[in-house]
Amino acid sequence: MMCPACVAEMPDEDLFCENCGLKLGDSASEVPLVGCVCGAAIGETDEDGFCLRCGRREHRAVSADAVRQSQPSDHIELALSLHFAAVSDRGRKHARNEDRFGILEAKGMRAMVVCDGVSTSTNAEVASTAVSEGVMESLAGALRSSDTAFPLDAANAVRQSIIAGAARLTAQASSPEDENPPSTTVVSALVSNEAVTVGWLGDSRAYWIDLPEPPGNAVALPLTRDHSWLNSVVGSGEMTPEVAAKSPQAHAITRWIGADAGDEVELGKIDIVRHPLPAMGGILLLCTDGLWNYFSTPEAMAGIVRDASRNGEDALSIGRQLVNLANRRGGHDNITAAVLRIEQIKLTHSPESGHAVRED
Amino acid sequence: MTTLNDQFQAEVFQNEFLPAGTGEVHAIMTVSAGEDVTAAARERLFGIICDSSGSMDGGKIVAAKAAISKLISMLPADCHFFLVTGSDEARLICQVARATPENKQRALTAIRDIHATGGTRISNWLHTAWQQFRSMPNAVRQALLLTDGQNDASDEHPLQEALQHCEGVFQCDCRGVGTDWKVAQLRTIAAKLLGTTDIIPTPAQIEADFQGILQKALGKSVIDVVLRLWTPQGAKVKFCKEVSPEIVDLTGRAREVKPQLREYPTGAWGKGESRDFHFCIELPPGAIGDEVLAGRASLVYSSQGVETKVAEARILAVWTDDDGKSTKINRMVAHYTGQTELAQSIQEGLDARAKGDEEKATALLGKAVKIAASSGNEATAKLLRQVVDVVDADKGTVRLKQSVSKEDSMALETRSTKTARIARNS
């Protein structure tokens, strides 16, 4: 079978093209196929990537070869298990990938972080790299030092991890005259058997996606609330969401990590939220705006995740599908998705603790 | 450089860097047909169209008849030929026939009966030639038109119609013998029929010139080659010119195949033949850092309904804020821009001289002398020296010669479009 969009050869049983992500065998796909800013479809290019309509050279050919030849950070995938994985991609328009992520599993708990380097700052990937590494190191330490005698204070651990991430960035002194010092958003999560604890600055998001049994509507619950101009003016009552959304600065972020953010003030503004895990299980998704911008509602995104999950696809495959979809819809920004699937609680009792345990 | 089937090579010379806010892209494409360009057992049809109007009477028609006789006797036996003479009407002296000894002899006998009388209505000559050429559509189809005078004024419109008709059916080199013909008129015919124009000042030179045309025609092996130009949406082709060996403006000859795709006729190519083309494409201005394909030019010929692309080259545009990059003019582009200016200066300078505007003529011809000298176009420089006394070639200081023979002036005008090539590795 040949992918109608990018003409790559695929095994007949594949549901999605491995190369460009097109859903196969469904030409009337609802997804608009855009390969170029002029509106030309994916694949409407010559062999060197020049658009056949407007002549513009694609900054990136979405092919496996191109990925291999490009920067290592242009496309990053990491799977710790069938349930826990993350995918980050440069997208189709940006010259490099300034998103970073980290995932970690220790002592039956999981830690995750996603950072989106602010593209208007210089060397934004310096910030996203330093912060994601600092956050993960801090969370790893917290997980290692916790035991039954000293149970983890999840909210504190998450807050401390973001402070540690910011400190690592500060340690990498940027030149003081830099008007746009490297800066980044951050969303960090700690998942125990009981709850998800999320902390964030900026507009990278965490969603909890329920997977109801028997199957019903997919529900995606946003755990975070963007630190954005839109939320700020709507929250203060200055504008209605409809009016604010039309402003060019609607998506501008109001909090971030960077030398120009004023650490203490901003770090005092770290928002923390705790979400108890429902018995039926579900999926935790951390992502950057390069992903969520391409879905009109959280439910639209939840639908993709639910369908993939029901098809038995693993976390990496779900992450890839989300990223590929964002690329097919334009890929105007870097795209990152970290996916953790949490199984339904099995009603068996562990002899040691007497608690219900999850098997995943 | 692109080599598609080892027959043709195309190369583009340009500065692809553009400053912000602009979108005009210039590029020179050089195309060379390889030494291996051959077409197995290609048929050839060589048509001779000779003026037999009253003005040819005397030495001209005698010399023309002798030259045509010689030409026919030289034709290879596997070649076809025909002969048309023309005055107010056309006379088909020999219809299409293979160049066997018997057919040649028959033609030579018929030529003896040619007499010069009557007016000049070239449309009728072309129409008769058209009927002959139509009989061998797959052959190399080359005509030679010899005249000594001006076309009848009332034939202007019919001539345009005839040219429209003949375009693509055959190619035609035009020769004016003596000095009573109009350069512009013959150039119009030759340009439409993808041929050359030249002056044969005296009847005695006809024979040598005809042989040159025949040799060139016999060397052609790939016919009906088109230059296909793809441009992006929103782009405008400001001009497309052949600039070597001669300046021929092809802009108005474009045939739109489909949106964004145009074809320009280039006729037949012989082995080892080289031609250069100058493209000027206007793009919508891009953003700094944008890289756009401004054009894809390819040479294509069709044989028995099968299209073959023989060469292809790309024209790029990259917007930059680095003035050091965007302000450089590519040497090749500068050279041919100069050659075009040279031809224009000569034509306008001669025109000013004919109208008695000596000051303007001196300035323009001086400029021509300067360009010819600096670009190494020695052939044109030599012709210019027949018309002006050169005081300082580098500065373009000249004096108009007080007496210039009409044939020197016409030779300069006719050959002003012949360009020099740039020395590749200097």
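Because the structure is predicted, anything quoted here is derived from the model rather than measured. Each chain gets a letter, A, B and so on, in the order the sequences are listed, and its residues count up from 1.
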What pair of heavy atoms forms the shortest contact from B:Pro232 to A:Gly55, and how long is it? CB-N, 3.8 Å
Under 4.5 Å from any heavy atom of chain A - which part of B:Leu283: neither
Hits for ring-ring contact (aromatic ring centres under 6.0 Å, His included) against B:His278, two or more places apart or cross-chain, chain-then-number order -> B:His26, B:Phe239
Just wondering, more than 12 heavy atoms not from B:Ile329 lying within 6.0 Å of its CD1? no
Write down the atom of A:Arg53, the atom of B:Gln260, and the distance for their closest heavy-atom approach. O-NE2, 3.0 Å
I need the A:Leu52 CG to B:Gln233 CD distance, nearest 0.5 Å. 10.0 Å
Side chain of B:Glu291, backbone of A:Arg56: donor and acceptor closer than 3.5 Å? no
Do A:Phe50 and B:Val292 come within less than 4.5 Å of each other through their side chains, counting heavy atoms only? no
Could you work out, with side chain to side chain contact (heavy atoms under 4.5 Å, CB included) as the rule, every residue matching B:Glu282, not counting sequence neighbours? B:Glu24, B:Lys236, B:Lys238
